[in-house]
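Here the structure is laid out as structure tokens; the discussion comes afterwards.
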Amino acid sequence: MIAINQVKIEIVFQGNKAVTVDEAALRKKASKLLGISDTQIAEIVILKHSIDARKKPQLFHVYTLGVCLKEKKQEEKTVKRCRNANITIYRENPYIFPQSGMKILPERPVIIGMGPAGLFCGYMLAKHGYKPIILERGYDVEKRTKAVEEFWESGTLDTESNVQFGEGGAGTFSDGKLNTLVKDKNGRNKEVLRIFVECGAPPEILYESKPHIGTDILKKVVANMRETILKNDGSVRFGAKVTGLEIENTKLTGVQINDTDVIKTNHAVLAIGHSARDTFEYLAHINISMEAKAFAVGMRVEHSQSLINENMYGSAYGNMLPAAPYKLTAKTSMGRGVYSFCMCPGGYVVNASSENKRLAVNGMSYSDRGSKNANSAIIVQVSPKDYGSDKPLAGVAFQRRLEEKAYALGNGKIPVQYYGDFVKNQTSVDREDYYRPCIKGGYQLANLRGLLPKECETAFLEGMEQFDKTIKGYAAEDTILSGIESRTSSPVRIHRNEDLQSPSVEGLYPCGEGAGYAGGITSAAMDGILVAEKIASQYQPFVDKIAVV
């Protein structure tokens with residue numbers, strides 16, 4: 001296959017919509033760049049797509065195209081003749097699951113947690129014959145959705161199944177963003193996307209530069225992955241909270257569930273997610289090696305999606321294209337980084353609490369990104385020196401203090417403030433001429449000053465003013481703030497060796513975002529696959545014990 005990079009096609013508008021670029025247009029462009037007739041092309045595929053708005057109002061689709069010629073032997077000759085650095089032979093990097101090791105698995109492997117890391121670890125092990133047992137403290141995605149919607153409607157929180165806990169993990173109630181900065185030399189990123197598509201995600205995620213699914217579709221994909229695991233002799237248990245580990249001579253021998261049942265196993269993948277604070281406390285109590293790590297805290301910031309579209313794409317055509325994302329970074333006078341995180345075009349701010357009388361927010365979009373508002377977390381870096389303690393769970397205590405303040409400010413509802421009032425340090429009142437929040441869950445106008453630590457608050461204000469120079473109107477008086485965004489990543493890193501096992505307990509595999517080795521859906525899924533590979537490379541697929549009569 002020939003790869004053609006930087007293929008630009010101007011975006012043409014008709015009425016109030018952009019004209020779709022069809023395959024004929026792509027073939028015509030590719031044949032011209034290759035200097036061949038389009039009749040010589042057997043197949044053309046999109047390898048990557050983005051929108052270039054640097055010369056607005058002129059806007060361009062930018063493609064990387066994969067071109068297969070009818071005469072395969074002509075591909076290398078065609079590339080040499082073109083003498084163009086953007087035209088090369090495409091070298092695919094296929095994902096390959098390792099060959100099985102020689103050791104015998106005495107018991108089925110157990111996976112603790114069914115977020116992206118646990119889900120993909122279980123999926124890969126099940127597909128290759130290891131019959132994993134997945135334990136999830138929350139509900140299946142269907143029942144979980146009802147519990148979450150009930151919480152947003154009534155404020156009644158289920159502390160075991162909510163936006164943080166349950167099938168699919170915290171990412172299920174998000175925008176379903178799948179971009180990652182993790183390098184993909186082993187093809188795991190592509191494999192994650194391929195599996196998502198195989199289980200019902202739109203095929204566009206395979207080539208869009210900023211792929212997303214949306215929480216509505218992601219819930220269906222997660223359920224389909226579960227069914228695949230079950231069809232391949234894996235097991236899934238919901239409402240199965242791990243409350244203890246059985247350890248003999250520093251080796252794992254079993255996992256305790258709900259303080260009663262015990263599953264015998266010598267291999268458990270610890271994919272507990274970044275909000276499993278009670279599990280962190282148990283692990284610290286039994287001296288599992290871990291440390292506090294840096295993360296970030298801040299506010300959700302909402303704007304009209306039209307404002308973002310017009311800034312990103314230009315006022316002429318901005319609202320004729322899909323809802324625009326953005327990414328912002330700033331360096332403040334005190335050296336703290338401030339940046340946008342988990343940006344949700346056409347999305348909603350959601351109450352993402354998991355503990356009583358503590359409140360945290362997150363962002364979510366459906367697949368159509370059809371809300372009137374865009375939202376993003378604007379967050380400030382914090383590190384163990386900010387936590388007031390050098391203990392491994394000092395970051396957890398830091399988060400809890402912030403969430404308790406947020407709960408009090410909103411009287412149990414999401415506290416909301418207009419940016420102009422935040423600057424003036426005064427409680428917001430309802431204004432008919434201002435934007436209305438797009439929020440899942442109850443909210444209350446409040447004064448958010450003092451919610452963040454003083455140095456973080458100063459950095460947040462500096463960052464907002466810098467971002468206003470990039471996106472005009474970003475720091476306008478009617479910009480909406482909600483607090484607090486405190487679950488950006490795990491405040492803990494659970495140590496693991498080169499073999500991916502805990503140095504404290506043989507057979508325990510810290511994995512994913514909760515253990516401190518990922519940040520987001522895709523990187524967590526990739527880490528889950530990595531741990532599955534490590535187990536499979538040492539052991540043969542699991543064979544049930546056959547009683548000898």
Side-chain angles (χ1 to χ4, degrees), residues 1-12 18-52 59-99 120 123-124 127-128 178-213 217 221 224 228 321-322 367 522 525-526 529:
M1 182 187 288
I2 299 171
I4 314 176
N5 294 300
Q6 292 296 309
V7 178
K8 284 192 172 187
I9 298 179
E10 186 173 355
I11 300 176
V12 177
V19 176
T20 302
V21 178
D22 59 17
E23 183 180 344
L26 295 177
R27 290 174 73 95
K28 182 178 179 181
K29 188 74 173 181
S31 60
K32 183 177 180 181
L33 289 168
L34 295 174
I36 61 175
S37 166
D38 67 355
T39 59
Q40 294 176 257
I41 297 175
E43 183 185 15
I44 190 163
V45 295
I46 301 171
L47 300 176
K48 192 172 181 181
H49 170 258
S50 61
I51 292 176
D52 184 352
L59 305 172
F60 296 89
H61 291 292
V62 182
Y63 296 95
T64 297
L65 298 177
V67 181
C68 295
L69 301 186
K70 291 178 180 177
E71 293 189 38
K72 196 75 176 172
K73 62 184 179 181
Q74 292 297 319
E75 290 182 355
E76 290 206 19
K77 293 179 181 178
T78 301
V79 169
K80 288 179 182 178
R81 189 183 68 249
C82 289
R83 296 183 181 180
N84 184 331
N86 286 324
I87 300 175
T88 60
I89 293 295
Y90 179 62
R91 309 291 182 191
E92 194 166 6
N93 181 27
Y95 172 76
I96 301 173
F97 195 75
Q99 289 187 337
F120 273 82
Y123 184 94
M124 298 304 285
K127 289 283 280 188
H128 291 88
L178 302 177
N179 47 305
T180 178
L181 298 178
V182 176
K183 293 183 179 179
D184 191 33
K185 61 181 181 180
N186 295 302
R188 295 188 191 102
N189 188 350
K190 289 182 180 178
E191 183 67 1
V192 168
L193 298 178
R194 187 196 67 77
I195 291 170
F196 272 137
V197 171
E198 185 177 82
C199 293
E204 291 79 12
I205 67 171
L206 297 173
Y207 58 77
E208 287 294 345
S209 61
K210 295 180 179 178
H212 84 105
I213 297 179
I217 294 177
V221 171
N224 289 338
T228 300
L321 290 167
S367 57
T522 304
M526 291 168 68
I529 291 176

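Only heavy atoms go into these numbers, but all of them, side chains included; no hydrogens, no water, no symmetry mates. In this chain, numbering begins with 1 at the start of the sequence shown.
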With a 4.5 Å limit on heavy-atom distance, are the side chains of Gln40 and Ser31 in contact? no

Less than 4.0 angstrom from a charged side-chain N to a carboxylate O is my criterion; do Arg194 and Glu191 meet it? yes

Test item: Arg27 side-chain N/O and Ile41 main-chain N/O as donor-acceptor pair under 3.5 Å: yes

Under 3.5 Å, is there a donor-acceptor pair between the side chain of Asn93 and the main chain of Asp184? yes

Thr20 versus Asp22: any side-chain heavy-atom pair under 4.5 Å? no

How far does CD1 of Ile46 sit from CG of Leu65, to the nearest 0.5 angstrom? 7.0 Å

Check whether Asn84 reaches the backbone of Asn86 with its side chain - one donor and one acceptor, N or O, closer than 3.5 Å. yes

Do Arg81 side-chain atoms and Leu34 backbone N/O form a donor-acceptor pair below 3.5 Å? yes

Taking Ser50's backbone N and O only, do any of them form a donor-acceptor pair with Lys210's side chain (distance below 3.5 Å, no angle check)? no

Taking the side chain as everything from C-beta on, heavy atoms only, tell me whether Cys68 gets closer than 4.5 Å to Glu75. yes

If the plane angle is over 60° it's perpendicular, under 30° parallel, otherwise tilted; pick one for Phe97 and His128. parallel

Distance-only, no hydrogens or angles: does the Asn189 side chain make a donor-acceptor pair with backbone N or O of Thr522 under 3.5 Å? no

